[in-house]
Amino acid sequence: MMLTRLKAQSERKLAKQICKVVLDHFEKQYSKELGDAWNTVRYVLTSPSCWQHAVLLNRFNYPFELEKDLHLKGYHTLFQGSLPYYPKSMKCYLSRIPSRMPSERHQIGNLKKYYLLNAASLLPVLALELRDGEKVLDLCAAPGGKSVALLQCAHPGYLHCNEYDSLRLKWLRQTLESFIPQPFVNVIKVSELDGREMGDVQPETFDKVLVDAPCSNDRSWLFSSDSQKAACRISQRRNLPVLQIELLRSAVKALRPGGLLVYSTCTLSKAENQDVISEILNSCSNMMPVDIKEMARTCSQDFTFAPTGQECGLLVIPDKGRAWGPMYVAKLKKSWTI
């Protein structure tokens, strides 16, 4: 009884923190774009007690005891289906019930054993299909979770992690230091370049490029504590697709012919997802869509997907018992010019 009362109090406290300006704005947009599915998505996004966290194990300091403990607690490995690309070196566990493990503290000289993340954020990493020895660019890399996940998949010949925001850059450096051993640091370059310039600075350099773009972060925006700042964000939101398209154009230039580009966001917004990819496909004749519907079919037991109208694009939407996302993923390939 007491636990029920405490949970109810916690829910009321969290409910007060939801930013009405943002929720009203999302209500108008997403009820049109998602239809009936928005009711469940809204419930999950505004109920942190429903949220789930996946546990990505660090292969560079493998926690065997923790893995046993996770099994005993009923955790299961992500992607139990046979994905076209799923390296055995990547181990990610999740629980069917909402739960959260404590984060490990950053300690200089000690590698962390696990990284907590939204399980859907591994989809763009897996879509990139990284192989040993390849050159890969993470164009908007902070806070570093996807870079860490990429290094769980393969041993790249060169990993370029770029972040333009100086505060987020510090976070990125700390994340890499916490998870990656010194020998691997030698194949990683960290830069603070405006991502829109990368294609001119390093043209046709990379085998694989990940653009995890700045976006309307739906989950965190809903809990903005400053309603004036939130209103300002909403008014500036229409500028984001312009930035996202410019970042993608730069990524296209940085990609070698035959290379793969993956674009991802953590928003439900069609303007920042499907519309951005449509613009790139319409304006870059050397970029071709790559069908990733098979990934959705294989992952359907762990994720709920909304239709995108694109063979090259997936949209994970939060659902009860599968509270992952929002996460949009699109995959493109650069053709050889004759």
Side-chain angles (χ1 to χ4, degrees), residues 48 51-63 65-67 89-94 100-126 128 130 135-195 197-198 201-202 206 208-215 217 219-221 223-225 247 251 262 264-266 327:
W51 296 2
Q52 295 164 273
H53 293 82
V55 184
L56 178 67
L57 304 187
N58 185 12
R59 69 165 166 167
F60 302 113
N61 187 17
Y62 203 81
E65 289 302 315
L66 173 64
E67 188 172 33
S89 55
M90 177 186 269
K91 286 282 183 71
C92 184
Y93 284 87
L94 40 122
R100 184 187 170 102
M101 288 174 57
S103 297
E104 290 181 284
R105 280 187 178 174
H106 173 70
Q107 292 179 308
I108 294 168
N110 286 345
L111 292 183
K112 291 185 179 181
K113 292 180 170 67
Y114 60 89
Y115 189 90
L116 298 179
L117 75 172
N118 185 320
S121 63
L122 290 179
L123 292 177
V125 170
L126 292 167
L128 209 57
L130 185 62
K135 290 183 177 178
V136 59
L137 168 64
D138 189 351
L139 190 62
C140 312
K146 290 183 179 68
S147 292
V148 166
L150 282 166
L151 289 163
Q152 306 303 313
C153 294
H155 298 300
Y158 175 59
L159 170 60
H160 190 141
C161 303
N162 183 68
E163 178 53 52
Y164 189 39
D165 183 291
S166 56
L167 284 174
R168 287 172 62 81
L169 182 75
K170 285 181 186 172
W171 193 0
L172 168 65
R173 286 188 192 278
Q174 189 176 93
T175 301
L176 292 171
E177 187 184 302
S178 295
F179 286 91
I180 311 305
Q182 198 56 48
F184 272 88
V185 174
N186 298 332
V187 302
I188 302 170
K189 177 180 178 178
V190 178
S191 65
E192 194 178 356
L193 193 69
D194 183 333
E197 296 169 10
M198 185 66 76
V201 174
Q202 294 201 276
F206 299 97
K208 307 280 168 74
V209 178
L210 174 63
V211 183
D212 187 42
C215 66
N217 187 329
R219 204 179 269 256
S220 68
W221 279 26
F223 289 87
S224 304
S225 54
L247 287 168
V262 170
S264 60
T265 73
C266 52
M327 180 61 57

Determine the minimum heavy-atom distance between [X] and [Y], stating which atoms define it.
| X | Y | result |
| --- | --- | --- |
| H160 | S191 | NE2-OG, 2.7 Å |
| D212 | C140 | O-CB, 3.3 Å |
| C161 | L172 | CB-CD2, 4.1 Å |

More than 12 non-hydrogen atoms from neighbouring residues, nucleotides or ligands closer than 6.0 Å to OH on Y93, yes or no?
yes
W51 atom CH2, over 12 foreign heavy atoms within 6.0 Å:
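Yes, enclosed.
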Check for a donor-acceptor pair, side chain of [X] on one end and backbone N or O of [Y] on the other, with a separation under 3.5 Å.
| X | Y | answer |
| --- | --- | --- |
| E163 | R168 | no |
| N61 | L111 | yes |
| N162 | L193 | yes |
| T175 | P143 | yes |

Is any NZ, NE, NH1 or NH2 atom of the basic residue among K112 and E104 found under 4.0 Å from an Asp or Glu carboxylate oxygen of the other?
no
Could you tell me if the ring centre of F179 sits under 6.0 Å from that of F60?
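No - the distance between ring centres of F179 and F60 does not fall below the 6.0 Å cut-off.
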Quickly, which of K113, Q152, K91 forms a side chain to side chain donor-acceptor pair (under 3.5 Å) with N58? Name it, please.
Q152
Find the distance between [atom1] ([X]) and [atom2] ([Y]) and round it off to the nearest 0.5 Å.
| X | Y | atom1 | atom2 | result |
| --- | --- | --- | --- | --- |
| L151 | L176 | CG | CG | 7.5 Å |
| K189 | D138 | NZ | CG | 14.5 Å |
| Q174 | L169 | CD | CG | 12.0 Å |

